[in-house]
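Remember, predicted model here, so these are calculated numbers, not experimental data.
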Amino acid sequence: QLSALLLAATLALPATAADEETLTEIVNVLREEGLIDEDEHAELAAKAMKKDAKRAWTDRVKLWADFRARLEHFEFDQDVYGRSTGTRYQDRTRARYRGRINMSGEVASRATVYFRLASGGADPRSTNQTLGRGNDFDTDDIRFDLAYATLTPFPDGELPGVEGGYLGIDVGKVKNPFIWKALGSDSLLWDGDITPEGASLRVKGKAGPVALFANGGVYILDENTASKDPKLAAGQLGGEVDLADNVTFGARGTVYHFFSLDDAFYARAALNGGPGGTGGNLIDGVGARNLSIQVAETSAFLELGMSELFPVLIFGSYANNFSARNSLIFPTEDRQDDAWATGIFVGDKKQLVKLGFAWFHIEANAFPSMFLDSDILDGTPNREGFLASVERQLFDGVTVKFTGFSSKRIEGGLAHVNSGPAADRLRGQADMIFKF
């Protein structure tokens with residue numbers, strides 16, 4: 001029958017075609033046009049309602065999660081700061097976990113909402129929970145780690161006429177759009193757990209062997225009722241090109257503009273204030289005289305995939321704080337405005353094993369200290385050191401990873417009293433990661 005064929009075709013419509021009209025509404029149109037009678041309408045409407053209800057949950061709402069168990073050990077050398085004060089930094093071992101639950105809900109083809117709940121406390125650079133941190137098995141915290149809406153002028157964000165094209169605007173507590181997974185280890189300036197608060201613009205597309213992307217955003221660092229809110233504006237351009245079979249080169253450039261900054265911001269950056277802060281910037285050297293900070297960063301990678309068992313990824317990053325100045329409080333201290341990293345990853349964790357090695361060098365005023373990666377150099381500038389890792393996927397959804405870090409201070413003296421203590425250390429992590 002015609003009605004049966006119409007219903008079959010209607011129910012087979014993809015989700016994107018039925019975003020603006022539900023199947024029930026389509027069945028009503030069929031009746032209004034005289035294509036089905038009242039009895040057929042009643043039958044088809046009942047089936048359409050069930051289909052709509054099913055799609056409302058199974059097709060529009062998605063859930064996924066991950067859990068990481070970690071054993072971590074620290075060994076400290078007794079640096080000059082500890083010896084001068086009689087302080088001895090004790091070696092320690094701790095067990096930690098991280099749990100995260102993600103949810104996305106498709107409101108329409110042009111609007112999606114995302115939430116993520118994560119373990120941990122107020123520290124923006126860590127969602128880890130340390131076992132035994134509280135007394136007598138007290139309960140642990142869980143907080144919103146992400147809460148944002150993605151809006152786009154095109155269905156599913158797909159740019160018309162552009163291969164792999166996408167355009168979307170994220171608003172809320174968003175993912176950091178400036179971290180580039182293709183780089184292998186994009187940890188020079190940002191801790192991967194930080195989720196900015198504001199609005200991001202993401203655009204990408206391909207043309208033959210070339211893939212390009214652009215990211216931008218404006219974010220609020222501290223809502224202030226007494227004066228202007230300290231903010232961050234940033235823009236990024238980058239891309240990848242296939243130079244030959246199994247050979248890919250990629251590069252990107254980013255500019256960060258911190259503005260309307262206040263004394264409290266510089267105090268947190270220098271003096272270890274606020275949740276998760278470690279300090280280490282020179283309070284009058286990182287950019288305080290202009291009440292703004294401008295940092296430019298560039299990164300590149302070369303990926304060689306000729307061997308399936310041993311693909312090779314070589315990467316490098318460099319950043320400079322153009323706002324850094326010679327310190328007036330400590331006249332012997334210069335700008336100390338550079339940061340750089342380089343490294344290599346070899347192997348595939350699914351096929352055999354993935355090995356990694358990287359070196360990081362972050363001078364005292366290279367970037368605001370509260371955003372630096374909290375694992376590699378303990379989130380503190382005026383330090384340098386290396387990372388070495390071994391990673392293996394045991395089976396789908398389960399991975400083990402061993403990571404070692406070594407760090408030491410770059411500059412000594414009274415000016416760096418907030419970055420010196422416990423700088424010389426070895427740090428090891430053994431992780432088991434579950435994704436489902």
Side-chain angles (χ1 to χ4, degrees), residues 14-16 18-20 22 52-68 97-129 140-159 164-183 186-187 190-205 213-221 223 231-236 254 275-276 371 397 433-436:
T16 53
D19 280 337
E20 306 303 330
T22 65
D52 287 336
K54 180 179 179 181
R55 180 180 179 273
W57 290 102
T58 62
D59 294 342
R60 297 174 64 189
V61 176
K62 298 178 181 179
L63 292 171
W64 66 101
D66 62 82
F67 177 83
R68 182 180 66 198
Y97 75 84
R98 181 191 70 186
R100 301 185 299 189
I101 301 174
N102 301 266
M103 182 184 75
S104 68
E106 181 188 313
V107 180
S109 65
R110 296 172 174 83
T112 304
V113 175
Y114 296 85
F115 297 102
R116 184 166 72 190
L117 292 172
S119 56
D123 186 350
R125 295 192 287 183
S126 177
T127 51
N128 291 309
Q129 180 67 44
D140 296 335
D141 291 338
I142 187 168
R143 298 182 177 223
F144 275 109
D145 185 41
L146 290 172
Y148 67 96
T150 296
L151 304 172
T152 175
F154 309 106
D156 298 322
E158 297 178 359
L159 283 172
Y166 179 84
L167 185 152
I169 300 172
D170 306 324
V171 181
K173 189 169 182 59
V174 302
K175 292 182 179 179
N176 189 336
F178 308 110
I179 294 179
W180 195 17
K181 291 183 178 180
L183 199 61
D186 194 3
S187 305
W190 290 102
D191 188 292
D193 285 325
I194 289 178
T195 51
E197 298 173 355
S200 302
L201 172 67
R202 297 179 290 121
V203 185
K204 67 177 183 178
F213 65 86
N215 299 306
V218 178
Y219 311 97
I220 300 171
L221 302 174
E223 197 278 329
K231 291 178 282 290
L232 164 65
Q236 182 180 82
T254 314
F371 306 123
I433 304 162
F434 304 84
K435 295 183 179 181
F436 53 98

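Listed by chain and residue number, Phe144 satisfy the ring-ring contact (aromatic ring centres under 6.0 Å, His included) test with Phe115 (two or more places apart in sequence, or in another chain). Applying the ring-ring contact (aromatic ring centres under 6.0 Å, His included) rule to Tyr219 yields no partners; only residues at least two apart in sequence or on another chain are considered. With sequence neighbours excluded, the residues satisfying salt bridge (Lys or Arg N to Asp or Glu O under 4.0 Å) with Arg98 are Asp66.
Nearest heavy-atom pair across Val174 and Ser200 is CG2-OG, 3.6 Å. Across all their heavy atoms, Ser109 and Thr152 have their closest contact at O-CG2, 4.2 Å. Nearest heavy atoms, Gly120 versus Asp141: O-CB, 3.1 Å.
In this structure a side-chain-to-backbone donor-acceptor pair under 3.5 Å is present from Arg60 to Val107. In this structure, the side chain of Gln236 engages the main chain of Phe178 through a donor-acceptor pair within 3.5 Å. In this structure, Asp186 contributes its side chain and Trp180 its backbone to a donor-acceptor pair below 3.5 Å. In terms of modelled atom types and a separation under 3.5 Å, the side chain of Arg100 and the main chain of Ala118 share no donor-acceptor contact. Put simply, the side chain of Thr127 never gets that close to the backbone of Ser119: no donor and acceptor are under 3.5 Å apart. The main-chain N or O of Asp145 is found under 3.5 Å from a side-chain atom of Thr195 such that the two form a donor-acceptor pair. For Asp156 (side chain) and Glu158 (main-chain N/O), no donor-acceptor pair under 3.5 Å exists by modelled atom type.
The neighbour count for Lys173 NZ, taken as heavy atoms of other residues, nucleotides or ligands under 6.0 Å away, is above 12.
To the nearest 0.5 angstrom, Glu197 atom CD is 14.0 Å from Lys231 atom NZ. To the nearest 0.5 Å, atoms CZ (Arg143) and CZ (Arg116) are separated by 15.0 Å. The CZ atom of Phe67 lies 9.0 Å from the CZ atom of Phe436; values are rounded to the nearest 0.5 Å. Expressed to the nearest 0.5 Å, how far CG of Asp193 lies from CG of Asn128 amounts to 7.0 Å. To the nearest 0.5 Å, atoms CG (Leu221) and CG (Leu232) are separated by 6.0 Å. Between the CG atom of Leu151 and the CZ atom of Arg110 there is a distance of 11.5 Å, given to the nearest 0.5 Å.
A salt bridge links Asp170 with Arg202: at least one charged nitrogen is closer than 4.0 Å to a carboxylate oxygen.
Aromatic ring pairs are classed by plane angle as parallel below 30°, tilted from 30° to 60° and perpendicular above 60°; the pair Trp190 and Phe371 is tilted.
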Evaluate the criterion side chain to side chain contact (heavy atoms under 4.5 Å, CB included) for residue pair Val203 and Leu159; output intermediate values, then yes/no. CA-CA 9 Å; Val203 185; Leu159 283 172; 4.1 Å; yes

Does the side chain to side chain contact (heavy atoms under 4.5 Å, CB included) test come out yes or no for Asn102 and Tyr114, once each step is laid out? CA-CA 7 Å; Asn102 301 266; Tyr114 296 85; over 6 Å; no

